[in-house]
Amino acid sequence: MSALRELRWNRESRRRDLRANGEGWGNDVSTPATAYESLGARQAAAQGQTRVVVQDGHCSRAVGSRAVAEAFRQALAGRADAVLMIAGCDGACWLAPRVLVITPDGQQVARHEIMPGERLTAFGHVRPEDAAGIVASLAAPMAAAPDAGAFWSLQRRVVLRDCGAGDALSLDDYVARGGYGGLAKALAMPPEEVIGEVLRADLRGRGGAYFPAGRKWQAARAAQLSKKGPLYLVVNAEEGEPGVFKDRHVMEGDPHRLIEGLLIAAYAAGASKAYIYINAEANLSAERVEIAVAQARERGVTGDGVLGPAFACAVEVRRGAGGYVCGEETTLLNTIEGYRRVPRLRPPFPTDAGLWSRPTVIQNVETLANLPFILSEGADAYRRIGQGAPGTKLVSLSGAVQRPGLVEVALGTTLRQIVYDIGGGPKPGRRIVAVAAGGPSGGLLPEAALDVAISPGLLHPTGAVLGSGGMTVVDDTMPVPQVVHMLAQYNARESCGKCTPCREGTPRMAQALERLVEGKGSAKDIEELRALAEIVPAASLCGLGQMAAGPITSALHFFGDEFSRLAR
Amino acid sequence: MDPKIQKVLDSQTRTVTVLSCLIAIQESFGYLVEGAIPAVAQRTGASVNDVYSVATFYTHFRFQPPGEHQIELCWGPSCQIFRSDALMKQAEEFAGIKFNGTTPDKKYTLRGLECAGACALAPVGKLDGTLVGRLTPEKLRERLIAMRQNGGGGHHG
Ligand SMILES: Cc1cc2nc3c(=O)[nH]c(=O)nc-3n(C[C@H](O)[C@H](O)[C@H](O)COP(=O)(O)O)c2cc1C
Ligand code: SF4
Ligand code: FES
Ligand code: FES
């Protein structure tokens, strides 16, 4: 490995020399500001035309969005007044497949449904055979407006602002929406100042641990001072946690926002190479991010010069090969290096010795996608969003609600608002019993505890946390012990086996629960569950084992009676 | 080294690792063909043992060619809440085998998915590589019958 590392290092330093001589860059694009202006010069091809936006994402394809897009392509062929645009989903999954018609108003159209001043008509449950009719009446589209209740009005969209209405395949469109403006601003500041701004915004890691992003960058910078060689940025886009589908959404719907955020972080931390690590199953995310990376490289936004010769950062997409534990940051490093998917001992922390033992900053997709806003609007504007802590959180809302989907809310919003107002509450005739927050690593909160506001810390003293924002709603069709059993089975299947307590303990928890659920359990099984719920977290190396008892502990606390009833 | 494997390994354009080689081979052949492990070892300088342990560690890799048709159903939490267990039973009856197996005639492979990433459209399945959401027993039955009727041309991946 060391020869390879040396080779890489030589290449980096050669690049630096090139840059010092200003090679490869004309004089006209020598500052980030002028380079940014010249980016915008090509923008807005669709000005004055009606945009027919088909929301085509990984999940909406599962209900036919690809066929819908093809039908609109045919219906729009030869039309000069309207264009087809491919977007990601806007998060209203219960209405998928979705099509938006955006008619020009003479002025820049605000891009999202929840923003004022636009002329936008939204269609839900669109079938290919609807295309001809919608295209025939573009001038005055008839909205098949379904009742969305408070689905939009309670959301605060920063990261998802343009998801669903912005062109997922075009750098020009992103620039026309103000994109890469935050990066241009950052590049005009010294890196320390960028870090200061992000610290002031109090941006914390949205992968679930909520560590201040700026502090990580400072630590990596400090480590690099004592070690010659490159510093890496790794984007954690694994998203293997069941019930979470937020990062995928951002990558499919607004990939340039991720790249802009990545470049801001790389500049602030001093990284010369970034790896975007995408799950083996997320093919559409990888496809759209690859397209965006190629466009950015071609237009001088990444690579040897990022909006000018002063800063260089190469971006490479890497694919994984499956497993929840691959999202754990040190496991991720092993995976990128091509080894087995097991976590590493810490310390050393990745900011000291991460990828190929180099200082490495690891950041979640959502965390990075907040940066363009923070830099372009400023930390103060960011701090004004949210109560208790600044900013928003993406919440993947699924399970037994009327309006499941991907939502973005200001921190401080309550679970009840998310489940009942945004999600529309239970299906007709049913009753909501609990919310599994944070999936197999989280906790089960009963309906009565839903008034808690979401925040980076604990949601409840039993240990329920916000985590990466997965929320699966459970109604009275499935008994709580059965839900806990399936989460425990999941942990048992996904344990990597490195630590004995996790390897042996997670299946034993699942087996005890299985006996209870099948009516063959006894009070001894509950005792065993309680004991294992103490031992396994205490003796486990990574978060999977450390959090594996969360659903059990919280369920025993809140739904103890249901378990006792099963233990005859 | 088998020239077909060699060609696949040589076609990688990015940082080459044990894992990237294994992914490349499975992508081209649909599974880790015979000779894959030593070839990757030779290519990366890792030991055969190391390569083998990487290959067996990730859930993604298969050592057997998959059946002609892939029937995958999600058993993640949201899908289970929407009774994916009933769909799984239906698929098992259709193929005559249990989940995570291939029929002796190599016609069908049944596999559980941890979470297909489309939880808001639960229950979800993946039939011959195509994700299908909002499944119902009727919709699944239709798809399975269509699968049986169009015979060959199974999809690797
Ligand atoms: C079992 C396990 C799985 C994880 N999966 C993910 C994941 O899929 N995506 C992610 O960003 N972080 C995941 N994390 C958290 C990462 O270890 C790490 O904290 C995060 O990537 C750091 O980025 P952030 O500070 O921007 O959140 C996981 C942690 C554990 C213990
Ligand atoms: S806690 Fe479990 S998943 Fe994590 S390293 Fe240990 S055995 Fe592996
Ligand atoms: S339907 Fe695509 S995000 Fe929900
Ligand atoms: S649980 Fe089935 S798609 Fe997520």
Side-chain angles (χ1 to χ4, degrees), chain A residues 4 57-63 91 93-94 96 239-245 248 275 279-282 316-324 326 335-342 396-400 404-406 436 439-440 470 472-475 477-478 482-483 486-487 489-490 493-494 496, chain B residues 13-24 26-27 40 43-46 50-61 72 74-85 100 112-127 129-135 139 157:
Chain A
L4 194 69
H58 166 83
C59 41
S60 54
R61 282 188 178 179
V63 287
C93 306
W94 89 96
E239 194 159 73
E241 181 177 318
V244 181
F245 42 92
R248 222 169 271 187
Y275 292 92
N279 185 318
E281 303 288 333
E316 183 177 321
V317 174
R318 305 287 302 170
R319 302 299 299 277
Y324 176 33
C326 290
T335 307
I336 294 177
E337 289 181 21
Y339 299 116
R340 299 181 351 166
R341 45 157 200 161
V342 290
S396 310
L397 182 64
S398 69
L406 180 70
T472 309
V473 180
V474 181
D475 68 8
T477 49
M478 185 179 271
Q482 200 176 331
V483 176
M486 99 199 166
L487 295 173
Q489 276 184 319
Y490 178 84
R493 284 196 299 268
E494 292 293 301
C496 82
Chain B
T13 51
R14 310 250 171 81
T15 318
V16 170
T17 65
V18 171
L19 187 57
S20 74
C21 292
L22 292 170
I23 292 176
Q26 177 147 315
E27 254 171 29
V40 173
R43 175 60 199 256
T44 56
D50 281 348
V51 177
Y52 186 74
S53 78
V54 172
T56 50
F57 235 86
Y58 291 91
T59 47
H60 186 64
F61 297 115
E72 297 171 286
C74 178
W75 58 27
S78 305
C79 290
Q80 288 209 36
I81 283 174
F82 286 99
R83 308 318 311 214
S84 58
D85 54 345
N100 282 344
L113 295 171
E114 289 302 357
C115 169
C119 320
L121 301 176
V124 175
K126 212 187 208 179
L127 303 172
T130 303
L131 207 64
V132 189
R134 297 186 189 130
L135 271 174
K139 201 160 157 185

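Naming: A, B, ... by sequence-line order, numbering from 1 per chain.
Counting heavy-atom pairs closer than 4.5 Å to chain B, the top-ranked of the candidates A/Ala96, A/Ala436, A/Ser396 is A/Ala96. Ranked by non-hydrogen atom pairs under 4.5 Å with chain A, the options B/Val18, B/Thr44, B/Leu22 are led by B/Val18. Considering only heavy-atom pairs separated by less than 4.5 Å from chain B, the leading option among A/Glu239, A/Glu316, A/Gln482 is A/Glu316. Counting heavy-atom pairs closer than 4.5 Å to chain A, the top-ranked of the candidates B/Cys74, B/Gly117, B/Gly76, B/Ala46 is B/Gly117. Of the listed residues (B/Cys79, B/Pro77, B/Ala118), the greatest number of heavy-atom pairs within a distance under 4.5 Å of chain A belongs to B/Pro77. Heavy-atom pairs under 4.5 Å with chain A peak, among B/Ala122, B/Ser53, B/Cys21, at B/Ser53.
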(request) Starting from the C-alpha separation in whole Å, work towards a yes-or-no answer on side chain to side chain contact (heavy atoms under 4.5 Å, CB included) for A/Tyr324 and B/Glu114. (result) CA-CA 9 Å; A/Tyr324 176 33; B/Glu114 289 302 357; over 6 Å; no

(request) Give the C-alpha distance, both sets of side-chain angles, the deciding distance and a yes or no for salt bridge (Lys or Arg N to Asp or Glu O under 4.0 Å) between A/Glu281 and B/Lys126. (result) CA-CA 11 Å; A/Glu281 303 288 333; B/Lys126 212 187 208 179; 2.9 Å; yes

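The heavy-atom pair separating A/Cys59 from B/Leu121 by the smallest distance is O-CD1, 3.0 Å. Scanning both residues, A/Val474 and B/Ile81, for their nearest heavy atoms gives CG2-CD1, 3.8 Å. When every heavy atom of A/Arg318 is checked against every heavy atom of B/Thr17, the shortest pair comes out as NH2-OG1, 3.7 Å. Pairing each heavy atom of A/Cys93 with each of B/Ala120, the nearest pair is CB-CB, 3.4 Å.
Distance CH2/B/Trp75 to CZ/A/Arg493: 5.0 Å, rounded to 0.5 Å. A distance of 4.0 Å separates CZ in B/Arg83 from CE in A/Met478, rounded to the nearest 0.5 Å.
Residue contact with chain B, scored on non-hydrogen atoms closer than 4.5 Å, involves the backbone and the side chain of A/Cys496 alike. With a threshold of 4.5 angstrom between heavy atoms, B/Ile23 approaches chain A through side-chain atoms but not through N, CA, C or O. When heavy atoms are compared at a cutoff of 4.5 Å, A/Ile336 approaches chain B solely by way of its backbone atoms N, CA, C and O. Only the backbone of B/Ala116 comes within contact range of chain A, with heavy atoms under 4.5 Å apart. At a 4.5 Å heavy-atom cutoff, the contact between A/Arg61 and chain B is made by backbone atoms alone.
With sequence neighbours excluded, the residues forming a side chain to side chain contact (heavy atoms under 4.5 Å, CB included) with A/Ser398 are A/Phe245, A/Thr472, B/Ser78, B/Cys119, listed by chain and number. For the salt bridge (Lys or Arg N to Asp or Glu O under 4.0 Å) test, no residue two or more places apart in sequence or in another chain qualifies with B/Arg134.
Side-chain contact between A/Arg319 and B/Leu19 is absent, with no heavy-atom pair separated by less than 4.5 Å. Side-chain contact between A/His58 and B/Leu131 is present, with heavy atoms from C-beta onward closer than 4.5 Å.
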